[in-house]
There are 2 protein chains.
Amino acid sequence: MDAIISRQDAETGGFSNTKFDAGWQISFEADLKAPRVVEARVASYPPRSLIVDEGDETTNVYEVVEGGVLLFKLLPDGRRQIIEVLGVGDVFGLAPNGVSDVGAETLTKARVAIYEKRRVDADTALRDRIFSRLRAQMCALHDHALLLGRKSAQERVATFIMRLVPGRGGHACSGPLGGCDETHVDLAMTRQEIADYLGLTIETVSRAFSALRRAGTIAYERQDRVAIPSVCQLCRLTGSH
Amino acid sequence: MDAIISRQDAETGGFSNTKFDAGWQISFEADLKAPRVVEARVASYPPRSLIVDEGDETTNVYEVVEGGVLLFKLLPDGRRQIIEVLGVGDVFGLAPNGVSDVGAETLTKARVAIYEKRRVDADTALRDRIFSRLRAQMCALHDHALLLGRKSAQERVATFIMRLVPGRGGHACSGPLGGCDETHVDLAMTRQEIADYLGLTIETVSRAFSALRRAGTIAYERQDRVAIPSVCQLCRLTGSH
DNA sequence: CGAAGAATTGACCGCATTCAAATGCGGTGG
DNA sequence: CCACCGCATTTGAATGCGGTCAATTCTTCG
């Protein structure tokens, strides 16, 4: 594995303080405010590198410190489902029986804090922090189950893009600030990754993007950067409102 | 709400000690061995009654003590997705912001232990037990995301039935015991509930059941009771093996 | 500029949905 | 016991959305 392991004592964990609302919006950037004193091994990975594989024995708990991480599962015939897209502060590696039920792969260049089981067992404060984050991630999984089970391709893609707009689309959506309702978002994921996340094929994702573009709901600034003239208009296509 | 509230001090919580493997198999029956001393309010509900609704304010944590509970989400136009089917020992009501992100409804007659937030905050042992169970339930959600995103209708239904066979279909599947590989399972859920759980329509679920029946993979003992001549044969249709 | 990979677009197909009708099942009352 | 009713389930036929296969275009990078 091509991870660069470094030991960091009393280092800033760098947790995002972005408000998560049922898992919406992701922050891949560490917020350097509110540093926490944590003794942990931190591993650095290049983009698209495997951290743990499905079925690996691990009792470690992992926390994303910088960058993005994908959790995925595979079927024997190669079908892949991306289960969750993790940002800074999110945790994984919590399968109860010491065998990872999902694979974890970096989406971007990423740093991941690794906590050994005995440390998690001993440290109540750490455990509580993991617990708390796990609750938020569980809500994201609930939302995603609704998307996978009941939403159309259009709605899935619209939901996906909305997920990348900070502070919007959740239950407590602030609405447009000061009349202006345009933004742009970075996709960070390839079409294939988006497809595997949304339970679609790459072609269907592409078609849905194109349809949104033709309708004027989005525009491409670059291939991986989308302009949204009216967030509310996009939000109406998610099926959630 | 038609719950019968009772106060039970130092009562047996009655937790199932069935081994859960990534959320597979459900036990709606409390195992009375290994009683735990718990002070908690316990509410009793008739079948199909609402415990909490999506959007309700609750800081309580709930634990299923007897029976089965469904967690679900709705879209504004009425589409419903059942997120998770809970058995004895499973917990819910853990949305991080005090507003439930899912509705919870009893599947069968059920009893549910209710822990207030301040009690969960104060009691480390309780919190750890909830945490531990949450980890198992998260694995079940991961599996279900794979099902919803990537499996065919046939595979979903086969997976659903396998989920009801104790000790089989998981990663550490024991295989048939002593050559004999037949069982029967109680469905407990209506076709509509199964459809909402599997992200299908009621007709598609019915057709999948019929196809399995025609193929001899299952047989009806009653409408809600399925005989499985060969568990392994059914398991091969889940797409997971 | 050229090559390799990613994304888009098009044509066609198949699976699941939709709409509709028939059948089966459980309960109530005669 | 049996007839009847209401509801769940099953089955059938037609439609359509998303998948599959294939060709083209766009991007990136050497």
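Chain letters run A, B, ... following the sequence lines, proteins first, then strands; residues in each count from 1. Quick caveat: nothing in here was measured; it's all calculated off a predicted structure.
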Tell me: CD of B:Glu221 to P of C:dC25, nearest whole Å?
14 Å
Using a 4.0 Å heavy-atom cut-off, does B:Ser210 contact any base of the nucleic acid, only the sugar-phosphate backbone, or nothing at all?
sugar-phosphate
Spacing between B:Lys151 atom NZ and C:dA16 atom C1', to the nearest angstrom
18 Å
Is a salt bridge present between A:Arg191 and A:Asp224, judged by a nitrogen-to-oxygen distance below 4.0 Å?
no
CZ of A:Arg156 versus C1' of D:dC17: gap in Å, rounded?
11 Å
Considering only heavy atoms and no angle criterion, is a donor-acceptor pair shorter than 3.5 Å present between the side chain of A:Gln223 and the base of D:dC26?
no
Look at the side-chain N and O atoms of B:Arg191 and state whether any lies under 4.0 Å from the OP1 or OP2 oxygen of D:dT10.
yes
Taking the nucleotide of DNA chain C with the closest heavy atom to each, which residue, A:Tyr220 or A:Arg150, is nearer the 5' end?
A:Tyr220
Rounded to whole Å, please give me the gap between CZ in A:Phe209 and C1' in D:dT25.
18 Å
Which is more 5' along DNA chain D, the nucleotide nearest A:Asp224 or the one nearest A:Gly199? Just name the residue.
A:Gly199
Would you mind checking if A:Glu221 and A:Arg225 are paired as a salt bridge, meaning a charged N to carboxylate O distance below 4.0 Å?
yes
Is B:Arg207 side chain donor-acceptor paired with the C:dT18 base, going by distance under 3.5 Å alone?
yes
From CD of B:Gln154 over to P of C:dT17, roughly how many Å is that when rounded to an integer?
13 Å
Salt-bridge criterion met for A:Arg48 and A:Glu193 (N-O under 4.0 Å):
yes
Result of checking A:Leu94, A:Ile83, A:Leu134, A:Asp101 against B:Met138 for side-chain contact (heavy atoms from CB on, under 4.5 Å):
A:Leu134
Looking for any heavy atom pair under 4.0 Å, which part of the strands does A:Arg213 touch: base, sugar-phosphate only, or nothing?
sugar-phosphate
Separation of atom CD in A:Gln192 from atom P in C:dA7, rounded to whole Å:
9 Å
Could you tell me whether A:Arg222 contacts a base, only the sugar-phosphate backbone, or nothing, with contacts defined as non-hydrogen atoms closer than 4.0 Å?
nothing
Consider the side chain of B:Ile202, meaning its heavy atoms from C-beta on, and name the nucleotide among D:dT9, C:dT17, C:dT8 that approaches it most closely.
D:dT9
Does C:dT17 have OP1 or OP2 under 4.0 Å away from a side-chain N or O of B:Thr204?
yes
Distance criterion of 3.5 Å, no angle test: do you see the side chain of B:Glu203 paired donor-to-acceptor with the base of C:dC19?
yes
Is any side-chain N or O of B:Thr201 closer than 4.0 Å to OP1 or OP2 of C:dT17?
yes
What orientation do A:Tyr197 and A:Phe160 show, parallel under 30°, tilted 30 to 60°, or perpendicular over 60°?
perpendicular
Just how far, in rounded Å, is C1' of C:dT8 from CD1 of A:Ile218?
13 Å
Between P of D:dT9 and CE of B:Met189, the distance in whole Å
11 Å
